[in-house]
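On a predicted model such as this, the values are computed, not experimentally measured, just so you know.
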Amino acid sequence: SNSLILGNGAYFSDNPLKSHEYTQPTNDDTTRILIYTKVILGREMFLKNVNSVLHSPSRDHHSVHSIVSDTSEYIVYRLTQALPFLIITYK
């Protein structure tokens, strides 16, 4: 499993390959599930460094936009900012 490099929040990416890294096979086959989610980011706080104790973005921000790796990740700490839209099942 991947560590939470930016604290305990809900992690999203616009790159499905990055999201795939967070999945685990179900049952005994290679079936995996991604949930396509609409996320309200609001004003983003940009981070270039790991901060595993982060619990919220800084004052006057609503989400974190991580550019720690080559693929952007978006983290929200209020689950009401995310709306599951579509379940994608794949192998």
Side-chain angles (χ1 to χ4, degrees):
S1 71
N2 294 339
S3 62
L4 301 175
I5 62 168
L6 293 168
N8 191 17
Y11 286 63
F12 302 93
S13 178
D14 46 16
N15 181 342
L17 292 175
K18 183 64 177 178
S19 298
H20 172 79
E21 293 176 12
Y22 287 92
T23 66
Q24 297 289 323
T26 61
N27 305 327
D28 293 334
D29 61 12
T30 59
T31 302
R32 293 176 184 252
I33 297 173
L34 280 178
I35 301 175
Y36 182 82
T37 307
K38 294 185 178 192
V39 182
I40 299 171
L41 297 174
R43 187 173 183 178
E44 300 171 55
M45 179 179 96
F46 290 88
L47 282 183
K48 294 181 181 179
N49 299 311
V50 171
N51 183 346
S52 61
V53 296
L54 196 63
H55 293 288
S56 66
S58 65
R59 184 180 211 114
D60 299 328
H61 291 85
H62 306 102
S63 64
V64 172
H65 183 160
S66 167
I67 46 179
V68 172
S69 69
D70 59 344
T71 302
S72 291
E73 289 185 77
Y74 309 90
I75 302 94
V76 295
Y77 300 88
R78 293 184 187 118
L79 295 181
T80 55
Q81 290 178 250
L83 177 65
F85 187 69
L86 180 69
I87 296 175
I88 301 167
T89 305
Y90 65 100
K91 288 187 180 196

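Note on Y22 and I67: separate hydrophobic clusters, where clusters join Ile, Leu, Val, Met, Phe, Trp and Tyr whose side-chain heavy atoms are under 4.5 Å apart, directly or indirectly. Hydrophobic clustering, with ILVMFWY side chains joined whenever heavy atoms are under 4.5 angstrom apart, groups L47 together with Y11.
Listed for the T37 side chain is no donor-acceptor partner under 3.5 Å among the backbone atoms of V39.
With hydrogens and angles left out, the side-chain atoms of S13 and N15 include no donor and acceptor closer than 3.5 Å.
For residues 55-65, no pair satisfies salt bridge (Lys or Arg N to Asp or Glu O under 4.0 Å), with sequence neighbours left out.
Atom CD1 of I75 and atom CE of M45 lie 8.5 Å apart (nearest 0.5 Å). Atom CD of E73 is separated from atom OG of S63 by 13.0 Å, given to the nearest 0.5 angstrom. Taking OG of S58 as the reference point, atom CZ of R43 lies at 8.0 Å (rounded to 0.5 Å).
Taking both residues in full, the closest heavy atoms of P16 and L34 are given as O-CD1, 4.4 Å, listed atom of the first, atom of the second, then distance. Considering every non-hydrogen atom in both G9 and Y77, the closest pair reads CA-CD2, 3.8 Å. Of all non-hydrogen atoms in H65 and S72, the two that sit nearest each other are NE2-OG, 2.9 Å.
The closest side-chain heavy-atom distance from F12 to V76 is below 4.5 Å.
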For residues 81-91, which side-chain donor-acceptor pairs fall under 3.5 Å, sequence neighbours excluded?
unit_1, atom_1, unit_2, atom_2, d
Q81, NE2, I40, O, 2.8
Q81, NE2, H62, O, 3.1
Y90, OH, H20, ND1, 2.6

